[in-house]
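Beneath this line is the structure, given in C-alpha cells, with notes to follow.
Every value quoted in this text rests on a predicted model; they were computed, and no experiment measured them. Naming convention: chains lettered A, B, ... in sequence-line order (proteins, then strands); numbering from 1 in each chain.
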Amino acid sequence: MHRNDVTFPARLLSWYDRVRRDLPWRVPAGRSGAPHPYHVLVSELMLQQTQVAIVVPYFHRFLARFPTLADLAAADEQDVLRLWQGLGYYSRARNLHRAAKRVVAEHGGHVPAGMEQLLDLPGVGRYTAGAVASIAFGVQAPILDGNVTRVLCRLDGITDDPRDREVQTRLWTRAEEILPPIRVGDFNSALMELGATVCTPRSPKCLLCPVATACVAQARGIQEDIPPPKKAKPTPLERRVVLCVARGDHWLIEQRPATGRWAGMWQFVTRPEPAGADPVPPPVPVGPATRIGRVEHQLTHRRYTFDVTCCRSTDDSPAAIAGPHAWVTLEGLKDYPLPKPHVKVASLLRTRALEQAPPS
DNA sequence: AACTCGGGGCT
DNA sequence: AGCCCAGAGTT
C-alpha cells in the first residue's frame, strides 16, 4: 500500500459500514456512538486467541451474570471461572477479574482511556490496550493482532516471517501510520474484520476486498504465500488415570493448584499413569475399581488420554484428604469450574448411571 | 527469544 | 492432520 494513499481508510470504512457483523459488544448497526468500555474490555479479553463465533454465547452469559464492571469486581473468582468454563486460557478470566477490581479501586469504577493506565491492567497487553482505547474511547492507538498482521503483510508484500521481532516492530509502526484522523475504533475493527472474513489465512477472497487495488501481494499473486507457514512441533502424549470415587450419590473432586494449566479449577481425582503395574493409591479407602472408558483431549502443544475408572468409598466418614476437595453430586458439578476433559468424564458417569438404572 | 496457556473451527 | 484464532505473562 502506498504511504500517501488517502483513499485507503475511506474505502475500508465504507466496506465496513456495509458488511460488518452485528456483534453483541458493538453498537447496533445504524446507531452512532462508541460501545460501552466494560463491554469492550470483556470482549477483548475473551477474544484473545479465540474466534468470534466461539465468544458470542460466552459474552452473552457473562454479561447476563455480571451486567456491570462493579458486579464483576464484587464476584468470586470461582464464579468468574465457571462462566469461562470451556473457553480456555483461564488466566484471562482471572486477569479480567483482577482488572475489574483494580478499575474499581484505582479508577473509580471507570475503565481508563489512556494507554499507560490500560497497559497497567492485568491481562492487557499492547494489542488489548490499543483495542480498548481506540474502540471504546476513540484514542489514536494502533492495534496488531493475527488478522491485522496478515492484512498488513499482504498489503505491503512482506514475505518475511511476521513472528520475527523485527517484522513485528515494522508492522506496529505501519499500523500506527495508517490510522485515520477520525473513526479510529471503526478503522481498527475494520482491519480485523477484513482479516477474519476476506483476507483469510487460506483462500483469501480478493475479489471481495475493498482495498485489493492497494495490495502488493494481490498484484504479485503471492497472497496465498503470505505469511509463510509455521513449522509444526510434535505434540507429546500425556497419560493420566482418573479415579472417580463415589460415596452414595456424591463424587470426590479435587481442586487443581493455583498455577499452571487449568489453575484453580476442579477435577475428579487424577494422577499420572503409574510407571509400573502398581495401581494409583486412592485418596480414601475404596472397593474394587471398574474401568468405564477413556477420554481423549487434544490441546495445542499436548495430547492427553485419561483412563477413567470408577469405585466406591468403603469408609462412611473418610479421614482427612490432602488438599482442597469436595463431595458433590453429578448435578452439583455445575457449581464448580471443570476442565473440558473432566466435563467429558462427568458425561461418562451420567451415561453409566443411566445404563445401570434404566427408567422402569 | 522461547515457552506456557485451551479449545475449537476450517481446509 | 495441520494451522490458526481480535495475545499476554513468564522464564
Side-chain angles (χ1 to χ4, degrees), chain A residues 20-21 23 25-26 35 39-59 81 84-96 98-99 118-136 141-151 161-168 172 175 185-197 199-204 224 227-236 238 256-257 259-265 296-304 337-344:
Chain A
R20 70 170 198 160
R21 297 170 288 182
L23 302 175
W25 47 88
R26 286 181 177 167
H39 297 180
V40 177
L41 184 67
V42 172
S43 67
E44 289 302 339
L45 268 289
M46 286 188 170
L47 285 162
Q48 288 169 7
Q49 291 291 285
T50 309
Q51 295 183 4
V52 166
I54 308 287
V55 165
V56 168
Y58 281 90
F59 181 85
L81 279 175
W84 211 274
Q85 175 178 307
L87 198 52
Y89 284 159
Y90 299 96
S91 65
R92 296 181 296 169
R94 296 142 61 83
N95 284 335
L96 174 60
R98 289 167 50 211
L118 284 166
L119 283 169
D120 198 40
L121 296 175
V124 177
R126 188 171 179 184
Y127 161 78
T128 304
V132 173
S134 64
I135 295 173
I143 57 160
L144 189 66
D145 73 328
N147 289 310
V148 178
T149 295
R150 185 172 56 254
V151 169
D161 191 335
R163 286 171 289 273
D164 292 347
R165 235 223 326 241
E166 176 199 339
V167 181
Q168 281 283 307
W172 272 107
D186 283 345
F187 179 82
N188 281 339
S189 297
L191 277 177
M192 293 188 282
E193 186 102 344
L194 187 71
T197 63
C199 198
T200 48
R202 282 168 299 283
S203 306
E224 296 266 13
K230 181 168 58 176
K231 42 191 176 292
K233 284 171 50 180
T235 62
E238 305 260 2
R256 294 182 58 84
T259 59
R261 184 168 292 149
W262 298 306
M265 300 177 79
E296 311 218 16
H297 193 68
Q298 173 93 40
L299 285 71
T300 302
H301 301 294
R302 216 164 296 277
R303 289 178 303 146
Y304 282 95
L338 263 57
K340 195 67 174 181
H342 285 270
V343 175
K344 299 179 188 171

Take atom NZ of A:Lys230 and atom P of C:dG2, then tell me their distance rounded to the nearest Å. 14 Å
d(CZ, A:Arg303; C1', C:dA1) in whole Å: 11 Å
Is there a side-chain contact between A:Asn147 and A:Leu191, using heavy atoms and a 4.5 Å cut-off? no
Which is true for A:Val124 with a 4.0 Å heavy-atom rule: it touches a base, it touches only sugar-phosphate, or it touches nothing? sugar-phosphate
Taking the basic N atoms (NZ, or NE/NH1/NH2) and the acidic carboxylate oxygens, is any pair closer than 4.0 Å for A:Glu238 and A:Arg302? yes
Base, sugar-phosphate, or nothing: which does A:Trp25 touch, judged by heavy atoms less than 4.0 Å apart? base
For C:dA8 and B:dG9, measure between their P atoms and round to the nearest Å. 24 Å
Can you confirm whether the side chains of A:Asn95 and A:Arg92 place a donor and an acceptor under 3.5 Å from each other? no
Rounded to the nearest Å, what distance is computed from the CG atom of residue A:Leu144 to the P atom of nucleotide C:dA6? 13 Å
Please state how far atom CZ in A:Arg21 lies from atom C1' in C:dC5, giving the value in whole angstrom units. 11 Å
Between C1' of C:dA8 and CG of A:Leu45, the distance in whole Å: 10 Å
Side chain proximity check, A:Pro142 to A:Ser134, heavy atoms < 4.5 angstrom: no
Figure out the CD/C1' separation between A:Glu166 and B:dA1, and round it to whole Å. 14 Å
Tell me every residue that passes ring pair (Phe, Tyr, Trp, His ring centres under 6.0 Å) with A:Trp25, counting only those two or more places apart in sequence or in another chain. A:Phe59
Pairwise distance CG(A:Leu47) to CG(A:Asp145) - rounded to 0.5 angstrom: 9.5 Å
Do the non-hydrogen side-chain atoms of A:His301 and A:Lys233 ever get within less than 4.5 Å of each other? no
Categorize A:Leu23 for me: base, sugar-phosphate, or nothing, with a 4.0 angstrom heavy-atom threshold over every strand shown. base
Could you check whether A:Arg163 gets within reach of a base, just the sugar-phosphate, or nothing at all, counting any heavy atom under 4.0 Å? nothing
Distance check needed: C:dC5 C1' versus A:Met192 CE, whole Å only. 13 Å
Starting at the 5' end of DNA chain C and moving along, which residue's nearest nucleotide shows up first, A:Pro122 or A:Tyr127? A:Tyr127
In whole angstrom, give me the gap between the P atoms of B:dT4 and C:dA6. 24 Å
In whole angstrom, give me the gap between the P atoms of C:dT11 and B:dG6. 15 Å
Specify the separation, in whole Å, of atom CG of A:Leu119 and atom P of C:dA8. 9 Å
Generate the contact string for nucleotides 4-11 of chain B. Rules: B means base contact, S means sugar-phosphate contact only, - means no protein heavy atom under 4.0 Å. BBBBBS-S
Reckon A:Arg94 touches a base, only the sugar-phosphate, or nothing at all at heavy-atom distances under 4.0 Å? nothing
